[in-house]
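Below is one structure; the comments refer to it alone.
Nothing here was measured: the structure is a model prediction, and the numbers come from that model.
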Amino acid sequence: MRLTPLTEITVSHFITGAAGLSRGSLRSASATMDAMRSGGLTYDDGAWRSGIPTRRDRITLPDGQSVAMAALPTCEVVTIPRHVQVEHVESLLEATLKAGLETPITPELIAGLPAGPTELDRAGQQFTYVLDAVDYQGQQTRGVIRGRDTYGTTAVAVVEAARRLAAGNTPAGVLTPAQAFDPADFLETLSGHDLSWTIEATLTVK
């Protein structure tokens with residue numbers, strides 16, 4: 001299903017479980033704390049901008065639950081406009097989770113923590129990414145990606161990307177993942193690793 005051009009795309013991140021963050025993730029969060037607090041970049045009207053208020057402060061999950069959200073700087077704000085004709089892209093995280101990420105933490109405290117969550121904790125973690133796209137007729141289409149273990153899924157995705165690059169069928173140059181690989185085919189490859197995805201038309205936005 002393709003809807004272009006689009007007026008907006010909202011990417012919402014939901015993570016449940018006690019897997020926690022690795023030392024590397026904590027260092028990244030600490031180094032980008034100012035961007036975390038401000039919400040980072042938003043793609044708006046053909047440019048990446050900072051300080052743009054979010055258009056949504058709540059997202060309704062597929063199960064009907066309404067969740068308070070806050071702006072979060074993630075790569076989708078940069079990558080999506082490279083391959084989709086869209087006017088506005090913003091990325092959100094559950095407000096309670098973002099508040100936790102903004103808690104000050106010293107390098108010394110990070111160094112004293114475990115390198116990362118245990119395999120047991122990672123196995124109990126679940127994530128849901130919700131992508132809401134709205135076209136200029138007000139039709140909203142929702143994509144939902146569900147999986148387990150963000151670190152394990154990232155590792156599998158990186159290996160699959162490297163395998164495809166090594167095969168030599170990818171165009172040369174600086175590309176976003178969706179420019180380098182067919183998105184649906186790539187996601188199907190990951191479906192054997194506790195990842196599922198759906199795309200469906202949901203409603204007409206007034």
Side-chain angles (χ1 to χ4, degrees), residues 1-17 19 21-22 24-25 28 32 35 40-44 46-48 59 61-62 71-93 116-117 119 122-123 125-136 139-202:
M1 180 183 297
R2 295 182 181 274
L3 291 177
T4 55
L6 299 171
T7 180
E8 67 179 62
I9 294 178
T10 303
V11 184
S12 303
H13 298 246
F14 302 90
I15 300 174
T16 59
L21 297 175
S22 68
S25 295
S28 295
T32 57
L41 293 176
T42 296
Y43 183 79
D44 189 71
W48 287 282
I59 293 292
L61 288 167
L72 176 76
T74 63
C75 61
E76 295 97 342
V77 171
V78 176
T79 60
I80 286 176
R82 293 286 302 274
H83 65 92
V84 175
Q85 186 178 349
V86 60
E87 180 182 300
H88 179 91
V89 181
E90 63 185 32
S91 181
L92 309 176
L93 179 69
E119 289 191 19
R122 283 170 43 193
Q125 183 199 62
Q126 300 182 47
F127 63 85
T128 300
Y129 301 146
V130 177
L131 297 92
D132 290 311
V134 182
D135 67 18
Y136 282 90
Q139 177 66 43
Q140 178 172 307
T141 299
R142 168 168 282 191
V144 180
I145 301 174
R146 294 184 176 91
R148 296 179 180 275
D149 181 8
T150 53
Y151 288 111
T153 300
T154 299
V156 171
V158 169
V159 170
E160 178 60 20
R163 185 190 69 79
R164 295 186 181 215
L165 291 172
N169 298 321
T170 304
V174 178
L175 304 171
T176 66
Q179 290 175 309
F181 316 116
D182 178 79
D185 182 62
F186 196 92
L187 287 171
E188 280 301 323
T189 301
L190 301 182
S191 64
H193 299 275
D194 291 326
L195 185 140
S196 64
W197 62 283
T198 60
I199 299 177
E200 59 183 22
T202 54

Go through Tyr43 and Ile80 one step at a time and tell me if the side chain to side chain contact (heavy atoms under 4.5 Å, CB included) criterion holds.
CA-CA 9 Å; Tyr43 183 79; Ile80 286 176; over 6 Å; no
Side chain to side chain donor-acceptor pair (under 3.5 Å) involving Glu119 - partner list, sequence neighbours excluded
none
Taking only residues two or more places apart in sequence, or in another chain, which ones meet Ser191 in a side-chain contact (heavy atoms from CB on, under 4.5 Å)?
Glu188
Without swapping roles, check the side chain of Thr7 against the backbone of His88 for a donor-acceptor pair under 3.5 Å.
no
Using every non-hydrogen atom in the two residues, find where Leu6 and Ala133 come nearest and quote the distance to one decimal.
CD1-CB, 3.9 Å
Identify the heavy atoms of Thr154 and Thr150 that sit nearest to each other, and give their distance.
OG1-O, 2.8 Å
Partners passing ring-ring contact (aromatic ring centres under 6.0 Å, His included) against Phe181 (at least two apart in sequence or in another chain):
Phe186
Is Leu195 close to His193 at the side-chain level, that is, under 4.5 Å between some pair of heavy atoms?
no
Are side-chain heavy atoms of Asp194 and Asp149 found at a separation under 4.5 Å?
no
Roughly how far, to the nearest 0.5 Å, is the CG atom of Asp185 from the CD atom of Glu160?
8.0 Å
Can you tell me how far CG of Leu131 sits from CD1 of Ile9, rounded to the nearest 0.5 angstrom?
7.5 Å
Under the side-chain contact (heavy atoms from CB on, under 4.5 Å) test, which residues partner Asn169, sequence neighbours left out?
Ala167
Has Arg148 got more than 12 heavy atoms of other residues, nucleotides or ligands less than 6.0 Å from its CZ?
no
Spell out, as yes or no, whether a donor-acceptor pair under 3.5 Å connects the side chain of Tyr151 to the backbone of Ser22.
yes
Nearest non-hydrogen partners of Val78 and Pro81, listed with the distance
O-CD, 3.6 Å
Between the CG atom in Leu21 and the CD1 atom in Ile15, the distance rounded to the nearest 0.5 Å is 8.0 Å
Among residues at least two apart in sequence or on other chains, which ones pass ring-ring contact (aromatic ring centres under 6.0 Å, His included) with His13?
Tyr129
For a quick test of reading the model, state the closest non-hydrogen atom pair linking Pro5 to Asp135 and the distance between them.
O-CB, 3.9 Å
Inter-residue atom distance Thr153.OG1 - Phe127.CZ, 0.5 Å rounding
4.0 Å
Taking Arg82's backbone N and O only, do any of them form a donor-acceptor pair with Gln179's side chain (distance below 3.5 Å, no angle check)?
yes
Arg146 versus Pro62: any side-chain heavy-atom pair under 4.5 Å?
yes
Between Thr74 and Ser91, the two heavy atoms sitting closest are OG1-OG, 2.6 Å
Can you sort out the partners of Ala178 under side-chain contact (heavy atoms from CB on, under 4.5 Å), two or more places apart, ordered by chain and number?
His83, Thr176, Pro183
Tell me the closest heavy-atom pair linking Pro73 and Gly40, and the distance in Å.
CB-CA, 3.7 Å
Between atom OG1 of Thr16 and atom CD of Gln126, what is the distance when rounded to the nearest 0.5 Å?
4.5 Å
Gap separating the CG atom of Leu165 from the OG1 atom of Thr170, nearest 0.5 angstrom:
4.5 Å
